[in-house]
Protein chains: 4
Amino acid sequence: MRSETTTGRTFIEEARRRQFIDSAIETLDRLGFSGTSAAEVARGASIAKSALFYHFKNKDELLRAVVSDLYALAAQEIVKDMATADGPRQMLIRYIRSCVLFASAHPRWIGAAMEVIQNLRDADGALVFGAATNQPNIDAIEQMLREGQRSGDFRDFATRPMAVSIRAAIDAAPAYFAHEPDLDPGAYADELTALFDLATRRTEAKEDT
Amino acid sequence: MRSETTTGRTFIEEARRRQFIDSAIETLDRLGFSGTSAAEVARGASIAKSALFYHFKNKDELLRAVVSDLYALAAQEIVKDMATADGPRQMLIRYIRSCVLFASAHPRWIGAAMEVIQNLRDADGALVFGAATNQPNIDAIEQMLREGQRSGDFRDFATRPMAVSIRAAIDAAPAYFAHEPDLDPGAYADELTALFDLATRRTEAKEDT
Amino acid sequence: MRSETTTGRTFIEEARRRQFIDSAIETLDRLGFSGTSAAEVARGASIAKSALFYHFKNKDELLRAVVSDLYALAAQEIVKDMATADGPRQMLIRYIRSCVLFASAHPRWIGAAMEVIQNLRDADGALVFGAATNQPNIDAIEQMLREGQRSGDFRDFATRPMAVSIRAAIDAAPAYFAHEPDLDPGAYADELTALFDLATRRTEAKEDT
Amino acid sequence: MRSETTTGRTFIEEARRRQFIDSAIETLDRLGFSGTSAAEVARGASIAKSALFYHFKNKDELLRAVVSDLYALAAQEIVKDMATADGPRQMLIRYIRSCVLFASAHPRWIGAAMEVIQNLRDADGALVFGAATNQPNIDAIEQMLREGQRSGDFRDFATRPMAVSIRAAIDAAPAYFAHEPDLDPGAYADELTALFDLATRRTEAKEDT
DNA sequence: GATGAATGAGAGTTCATTCAT
DNA sequence: TATGAATGAACTCTCATTCAT
């Protein structure tokens, strides 16, 4: 009977969740994972601490939401960017560029998410967003790379170390954007794409850009 | 009259410090930064918790020791490895190779140190091992790169993004060594050196952008 | 909308604060300053120890409240008593009498407050209620004495040692009331007023009470 | 066989005890009772902490020694001063004067002893130097007062409150000497003796109650 | 005699979470 | 829905004391 979004939550409910998530992002960025207490998040949102546990089952669920909301947004934007890419080299270039520009658009959110990814653990001490979380990203890159090797666009290299390095280079970018806001993200993306294009392409035929 | 090491500590004192540091490394690796309580570290070392505070002024000092002991060892080994390198390209290759092999020799220690570096904060909430800690590494890489550009061995690229990416690729390695112990570190190093050699060198007899 | 007292606290908040303060007084009286742990105070109030830190920022604030609440009450009562005093001699007599009777009404509270005053130190090791706390009392007495000397009611003596001794005699009283509950406070006050009246008054004219 | 003092301790033993006691006095004066840890006392004496427990059964015994050594010295000096006093009035005056001058000679030691007297408690929470410690002093004063009343030198007053007040006035002096080193102790003593002489003596040629 | 090393008990404080209102 | 109040578990750290050397 009452107005609901597609998530099955009321608008007000949705609004409160966003308030808490936004405050969590800001707090994670400012004070880090272990400085991010429920009290601090609630204070930042100007809502009572106990309300947090009405909207989220527990603190972990809030932190997970910080990560998953970001992932959803990133996936959507990056997929859109890559839709029109043509050929393995362009796909890789588009992927790197898209990731870097996304990072430059949300440096603090990404920083916050990284705090959670690197620190949030379950009762056994295992990382909640462990290797399994980044693995799909790396797998996707590896698939692009193997595709390019099969098509002859890429030289013959071990795909795993290359994929890991590409992902690492992308993940290193947001820290720079966060602390050096004058950096030109486009130029930064250009450098990264050039780097990995040179590192991956087949070198025989030499008349490319 | 009493036997002392070069640090001004007795042997037994030195031994206890190592016990605690080793236990801290193991705990950081297993439970992460926020799971690493003084009680857990002491339990791992089978020594009373209060003894920890006899050997270290406080918990932070123990954690700092985890990092600084590693840094001291790494610097020593890497400098030794690079001593005989000849020319910019070889120097970069040696550097990367040396770092990767060092990482493969101490993956858990490095993982533990990273937990501390990314999480340990002072009373003001500022990271103790902040940007200032990794910056020297990146600066050193940048200097190598500029040297190579001046000598004509390297192509013309922005040195900062390249240095950041090199460091990121190196830092991403230990996580893999830790969880996939069958990985061949030498082969991994070969891939990385090839990657960045291709990305940096002046391409023969040609008009690169 | 919620019922509040003049302090800006809710009634229930105010009630809990009083519970803790009362328990602190009882504990200070029974076990002394260093025996008064947060755990013991909470146990005395039959409330969880952590609740203490919900109502008071820290233990020091609780202890300070023990003192300041007492001061507020004492000031109020003594000022009221002295309002109608006429002439220096009567003022001094009223002051002493009023202080002694107040002490006899709250001997344990005063003892508790003295524990705090004599022991509570800040981070630098300086007494929180240092000389500066008692000084105003002594200054007030000195002013009365000088007034009486100017008007010719009091003989010529050094005001400082006299004021210090008056205050000391008053402060010594509650310890007696605490341990000898049968003592008649009125008689005790009479003795003290006689003592200091004789010690201060001008002796020439001899037809006073 | 080895050289011993009258206390049954060797010279060196005696010397060490004094070192610890002196350091304890200094520490009590500087940091107060609860700041006076065994570690701090040992540091002040530049001796290992564990040595303290070789020379004293426990910390309490050290603190008790701070008090009892002072008492022994004080008793000796005051008795000597009073030996030649003649008549109740002179005796009281001599007593007050002697105490005040003694206080001015050892303000810090007295301050330290007071810290112990007011704070040291046994396992049950009872003051080790409780009422029972000061009582003899007060009793002695009371006896002087009663003597004077019997002989007709003193007027008729309740001896207990008077004795308590005299003792309190004496005890209040050292705090002033400690913080105002320019104060003239002789003058201070003169004021006190005048004060209590007037308060106690039979007023000439008159019909006091 | 004297020391460094070790320990258990307990200190103050924080925190995620619950619950009556 | 939202809040103030409360709690138990856990945390870092200090302390008096002991003991092998």
Side-chain angles (χ1 to χ4, degrees), chain A residues 10 12-13 15-16 34-42 46-63, chain B residues 1-2 9-13 15-17 34-42 45-63, chain C residues 1-2 9-13 15-17 34-42 45-63, chain D residues 2 10 12-13 15-16 34-42 47-63:
Chain A
T10 59
I12 182 160
E13 161 89 6
R16 281 277 180 271
S34 42
T36 300
S37 64
E40 188 65 34
V41 171
S46 302
I47 310 180
K49 177 173 50 157
S50 49
L52 199 161
F53 296 90
Y54 179 79
H55 294 287
F56 297 87
K57 196 161 112 281
N58 50 33
K59 192 188 160 192
D60 287 11
E61 212 207 76
L62 165 64
L63 297 178
Chain B
M1 212 22 68
R2 194 178 303 103
R9 303 195 191 94
T10 61
F11 278 124
I12 178 160
E13 161 84 3
R16 279 278 176 274
R17 277 180 67 97
S34 43
T36 301
S37 65
E40 189 62 34
V41 171
S46 302
I47 309 180
K49 178 176 48 156
S50 54
L52 198 162
F53 297 95
Y54 178 76
H55 294 285
F56 296 87
K57 203 160 107 287
N58 49 36
K59 192 189 160 192
D60 286 12
E61 214 207 67
L62 166 64
L63 296 178
Chain C
M1 217 15 74
R2 194 175 305 100
R9 303 193 191 96
T10 59
F11 279 125
I12 179 160
E13 162 83 5
R16 279 279 177 272
R17 279 180 67 98
S34 44
T36 301
S37 65
E40 189 62 33
V41 172
S46 302
I47 308 181
K49 178 174 51 154
S50 54
L52 199 163
F53 297 95
Y54 178 76
H55 293 285
F56 295 87
K57 202 160 107 289
N58 49 35
K59 191 188 160 193
D60 285 12
E61 213 207 68
L62 166 63
L63 296 178
Chain D
R2 60 212 148 93
T10 60
I12 181 160
E13 162 87 6
R16 282 275 180 270
S34 43
T36 300
S37 63
E40 188 63 34
V41 171
I47 311 180
K49 177 175 47 157
S50 49
L52 198 161
F53 295 91
Y54 179 80
H55 293 286
F56 296 87
K57 196 162 114 280
N58 50 33
K59 193 188 158 193
D60 287 11
E61 212 206 74
L62 165 64
L63 296 178

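Lettering follows sequence order; numbering is per chain, from 1.
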With a non-hydrogen cut-off below 4.0 angstrom, is [X] in contact with a base, only sugar-phosphate, or nothing?
X: Ala48(D); result: sugar-phosphate
X: Glu13(A); result: nothing
X: Leu52(D); result: nothing

Summarise how protein sits on nucleotides 14-20 of chain F as a single string, 5' to 3': B when a protein heavy atom is under 4.0 Å from the base, S for sugar-phosphate-only contact, - for no contact.
BBBBBB-
When you measure from the side-chain N and O atoms of [X] to the phosphate of [N], is any distance below 4.0 Å, counting only OP1 and OP2?
X: Tyr54(C); N: dA5(F); answer: yes
X: Arg16(D); N: dA2(E); answer: yes
X: His55(B); N: dG4(E); answer: no

Figure out the [atom1]/[atom2] separation between [X] and [N], and round it to whole Å.
X: Arg17(B); N: dA6(E); atom1: CZ; atom2: C1'; result: 17 Å
X: Phe56(A); N: dA2(F); atom1: CZ; atom2: P; result: 12 Å
X: Ile12(B); N: dT21(F); atom1: CD1; atom2: C1'; result: 10 Å
X: Ile47(B); N: dA5(E); atom1: CD1; atom2: C1'; result: 10 Å

Kindly give the heavy-atom pair with the smallest separation between Ala42(B) and Lys49(B), and that separation in Å.
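Smallest heavy-atom distance, with atoms named: CB-CA, 3.5 Å.
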Exercise answer: donor-acceptor pairs, residues 56-63 of chain A side-chain atoms, under 3.5 Å, sequence neighbours excluded:
residue	atom	partner	partner atom	Å
Asn58(A)	OD1	Asp60(A)	N	3.3
Asn58(A)	OD1	Glu61(A)	N	3.1
Lys59(A)	NZ	Thr36(A)	O	2.9

For DNA chain F, what are the stems built from at least three Watson-Crick or G-U pairs in a row, each pair having both distances below 3.5 Å?
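For DNA chain F the paired stretches long enough to count as stems (3 pairs minimum) are E:2-21 with F:2-21.
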Point-to-point distance, once rounded to the nearest 0.5 Å, from NE2 of His55(D) to CD1 of Ile12(D)
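It comes to 7.5 Å.
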